[in-house]
Amino acid sequence: MTPLTPQHDDADGPDSSWWRSAAACSGMPPQVVFARRERDAAPALQACARCPVLRRCEETVAPADSWFDGVSAGRLWRNGRPVTRHTSQHRGER
Ligand code: SF4
């Protein structure tokens with residue numbers, strides 16, 4: 001099954017597109033939204049922080065249930081599991 005994102009149709013009918021156009025990641029290239037690596041997903045992850053439809057995104061994509069790969073609701077997902085963010089502190093770098 002193809003995961004649903006702001007760049008895909010969902011099953012709620014023709015009035016359901018409002019949230020996709022309101023998404024902060026709207027217009028970003030698929031290789032960013034569906035990135036598998038945190039580095040590639042960074043622009044989308046930053047967009048999530050100011051996204052007005054974060055909850056709708058999470059409900060529609062249902063990343064854990066859909067084995068989603070990409071960015072949804074402020075997290076990068078791989079095979080439906082959230083990817084642990086690697087910050088400079090986690091690596092012991094300053
Ligand atoms: S929460 Fe993130 S991935 Fe979902 S629509 Fe908003 S910006 Fe896009």
Side-chain angles (χ1 to χ4, degrees):
M1 178 177 145
T2 301
L4 301 172
T5 70
Q7 298 171 350
H8 287 79
D9 290 331
D10 62 21
D12 290 349
D15 293 333
S16 65
S17 61
W18 64 268
W19 76 276
R20 285 178 276 141
S21 59
C25 66
S26 178
M28 287 189 177
Q31 60 267 34
V32 171
V33 178
F34 299 112
R36 288 182 56 86
R37 293 183 300 189
E38 187 177 331
R39 178 181 58 210
D40 300 332
L45 289 167
Q46 290 167 2
C48 292
R50 56 182 164 78
C51 183
V53 293
L54 186 143
R55 287 290 152 241
R56 176 66 186 234
C57 175
E58 185 172 31
E59 291 168 6
T60 303
V61 175
D65 295 336
S66 64
W67 294 72
F68 183 68
D69 281 335
V71 177
S72 175
R75 288 181 170 179
L76 175 61
W77 300 81
R78 193 174 301 141
N79 298 324
R81 294 179 181 243
V83 175
T84 302
R85 297 197 76 169
H86 294 98
T87 65
S88 59
Q89 286 182 323
H90 288 145
R91 290 190 297 253
E93 299 170 5
R94 300 210 178 230

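In this text, all values refer to a predicted model and were calculated from it rather than measured experimentally. All ligand and atom numbering here is 1-based and tracks the order in the structure.
In this structure a side-chain-to-backbone donor-acceptor pair under 3.5 Å is missing from Trp77 to Val83.
Taking every heavy atom of Ala73 and a limit of under 4.0 angstrom, the matching atoms of ligand 1 come to 1 (S), 4 (Fe). For ligand 1 and Ala23, the ligand atoms under 4.0 Å from any heavy atom of the residue are 5 (S). Close approach of ligand 1 to Cys48 is summarised as follows: ligand atoms under 4.0 Å from at least one heavy atom of the residue are 1 (S), 2 (Fe), 3 (S), 7 (S).
Here Ala41 pairs with Ala35, Leu45, Val71, Leu76 under the side chain to side chain contact (heavy atoms under 4.5 Å, CB included) rule; sequence neighbours left out.
Counting only heavy atoms from C-beta outward, the side chains of Ser26 and Arg20 never approach each other to under 4.5 Å.
Among the atoms of Cys57, an N, O or S atom falls under 2.8 Å of atom 4 (Fe) of ligand 1. Counting backbone and side-chain atoms alike, Cys51 contributes an N/O/S atom closer than 2.8 Å to atom 6 (Fe) of ligand 1.
Comment: Glu58 engages Arg55 in a salt bridge, judged by a side-chain N to carboxylate O separation of less than 4.0 angstrom.
Each salt bridge (Lys or Arg N to Asp or Glu O under 4.0 Å) pair with one or both residues in residues 72-84, not counting sequence neighbours, would appear here, but there are none.
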